[in-house]
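Every chain is numbered from 1, with letters handed out A, B, ... down the list of sequences.
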2 protein chains.
Amino acid sequence: MCHFSRNTTQDTRDRLIETARQLFLKKGYTATGVAEILQKAGLNAGSLYHFFASKEDLLLAVLERYKELLGPLVLQPVYERISDSVERVFGILDGYRGMLLETDHEQGCPIGNLALELSTTHPAARKVIAENFTGWRNAVADGLREAAGRLPAGLDMDQLALFLLTLMEGAVMLARAYRSIEPYDAAVAQLRDYFDRLLSNGTSRSTPRPAARANRQKKRGRRNVRV
Amino acid sequence: MCHFSRNTTQDTRDRLIETARQLFLKKGYTATGVAEILQKAGLNAGSLYHFFASKEDLLLAVLERYKELLGPLVLQPVYERISDSVERVFGILDGYRGMLLETDHEQGCPIGNLALELSTTHPAARKVIAENFTGWRNAVADGLREAAGRLPAGLDMDQLALFLLTLMEGAVMLARAYRSIEPYDAAVAQLRDYFDRLLSNGTSRSTPRPAARANRQKKRGRRNVRV
DNA sequence: GTCTATAGAAGGATAGAC
DNA sequence: GTCTATCCTTCTATAGAC
């Protein structure tokens, strides 16, 4: 805010946002108390209410932070590892899979988490949540456009990206509810099947389908999801 | 509980469950206060804690109630109106669509609502939520099996039902976050497209594709979601 | 800018009369 | 079984010293 702010100022603010982010992710917004945030951040109430007008204001900062984190946290790690534009999509989905596994199926998509909890009751948060979704959709649609040559002509990449987000969010929800990765893997398998068909119908068949195919498939008997 | 319970006993208990159900649906579990439930039900704290050990215990009763309501509330109204087994699936999806529209996109699937809010923090609730999902999946899979003749041989109906649930839950979440029916309609359109292809690949092509096709499509330019 | 202390409201749950 | 009254905790937010 002030023009010559010290380092520590930004540090404290950042620490609050980051701590709140982690707690909201793990327990949700309402279930996370301000006291808990302060304790974990090693700060006191005075600091929080110096930077933020309210707990909800802190939530908005967290959601803004997520918009900034889309690139560095969700996209870049995948894009560095994978160059094929279709496989990059599955790499992104694999990121959420890893998150589910690492947290024993307690955490999936941070935004989806907050979306259902707050959409009805917190209009300001709902707006930034929607912006996060839109950012994700646009990034994925851009990625898909790089594979446009291999995909059927006339395919709407924006619609396909929305479809991917819808499926991913639903799959994360079910994985958490069942405390099992199975519903998530089933959704990805369905999607893989869908893409296989898209690619075999593509106008320019020159580019061969990448071999990374079987990578992420589990050993389950899910092979019979054919069309 | 007691063997010769009066009518009013069951009435009070039911009223508590039903009132809590509506409030949990609209505002979520944590955001709904016990006092609010009591006020809306026209009862006092003594009554609630006579029948339920805690607020969470009441939640479990609500979730059990939802399991009983799957038939009468979700399936039967659709099955009475629609006889074609494939169209029945889309009829069920249309039910959730209607719920979104009626509530100005505030309410979608009651179970999905509670799933993300409580899966991490309330193990007992999570279990009954998963049971609700399983009930839905089984019912829809049974419905799909009636259309087995028209669908490709070897298609796994249980997997397909899971796919439908995943997509529906994701679509409801996005519709709520965007306060718009568009993401929901887009998901259903994608699904319709998917089924069209399934049906045209079916082993027994004798049964003609029902004409109800264009019914639920909005006037949006979503026709280009082809494959 | 950060601290301690605390206000003030709302939360879930209980006690005991009827 | 239902009522009223209330306990105790937790919550967000504020006041004022440093």
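In the displayed structure, B:Gln39 atom CD is contacted under 6.0 Å by at most 12 heavy atoms of other residues, nucleotides or ligands.
The phosphate of C:dT14 has neither OP1 nor OP2 within less than 4.0 Å of any side-chain N or O from B:Tyr49. For D:dC3, the OP1/OP2 oxygens have a side-chain nitrogen or oxygen of B:Ser47 closer than 4.0 Å. Phosphate contact (OP1/OP2 of C:dT2, side-chain N/O of A:His50, threshold under 4.0 Å): absent.
Of all nucleotides listed (C:dC3, C:dT2, D:dT14), C:dC3 comes nearest to the side chain of A:Asn44. Nearest to the side chain of B:Leu43, among D:dT12, D:dA5, D:dC3, sits D:dC3. Side-chain proximity of A:Thr12 to D:dT12, D:dC3, C:dT2: nearest is C:dT2.
As judged by a 4.0 angstrom heavy-atom cut-off over every strand, B:Gly46 is placed among the base-contacting residues. As judged by a 4.0 angstrom heavy-atom cut-off over every strand, A:Thr30 is placed among residues making no nucleic acid contact.
D:dC11 atom P lies 18 Å from atom CD of A:Glu56, rounded to whole Å. Here the C1' atom of nucleotide D:dC3 and the CZ atom of B:Phe51 are 14 Å apart, to the nearest Å. In this structure, the CG atom of A:Asp57 is 14 Å from the P atom of D:dT12, given to the nearest Å. The nearest whole Å value for the distance from the NZ atom in A:Lys55 to the P atom in C:dA9 is 19 Å. The CD-P distance, from A:Gln10 to C:dG1, rounds to 10 Å in whole Å. Put simply, NZ on A:Lys27 is 12 Å from P on D:dT10, counting in whole angstrom units. At whole-Å resolution of the value, CZ in B:Phe52 and P in C:dG12 are 15 Å apart. Between the CG atom of B:Leu58 and the C1' atom of C:dA13 there is a distance of 14 Å, rounded to whole Å.
Using a 3.5 Å distance cut-off with no hydrogens or angles, the side chains of B:Glu80 and B:Gln76 do not pair a donor with an acceptor.
Looking at residues two or more places apart in sequence or on another chain, you find no salt bridge (charged side-chain N to carboxylate O under 4.0 Å, His left out) involving B:Lys40.
Where A:Ala35 and B:Gly42 meet DNA chain D, the nucleotide closest to each residue was compared, and B:Gly42 sits on the side nearer the 5' end.
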Residue pair B:Val89, B:Val78: steps toward the side chain to side chain contact (heavy atoms under 4.5 Å, CB included) verdict: CA-CA 9 Å; B:Val89 167; B:Val78 174; over 6 Å; no
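Residues B:His105 and B:Tyr178 place their aromatic rings such that the two centres sit no closer than 6.0 Å.
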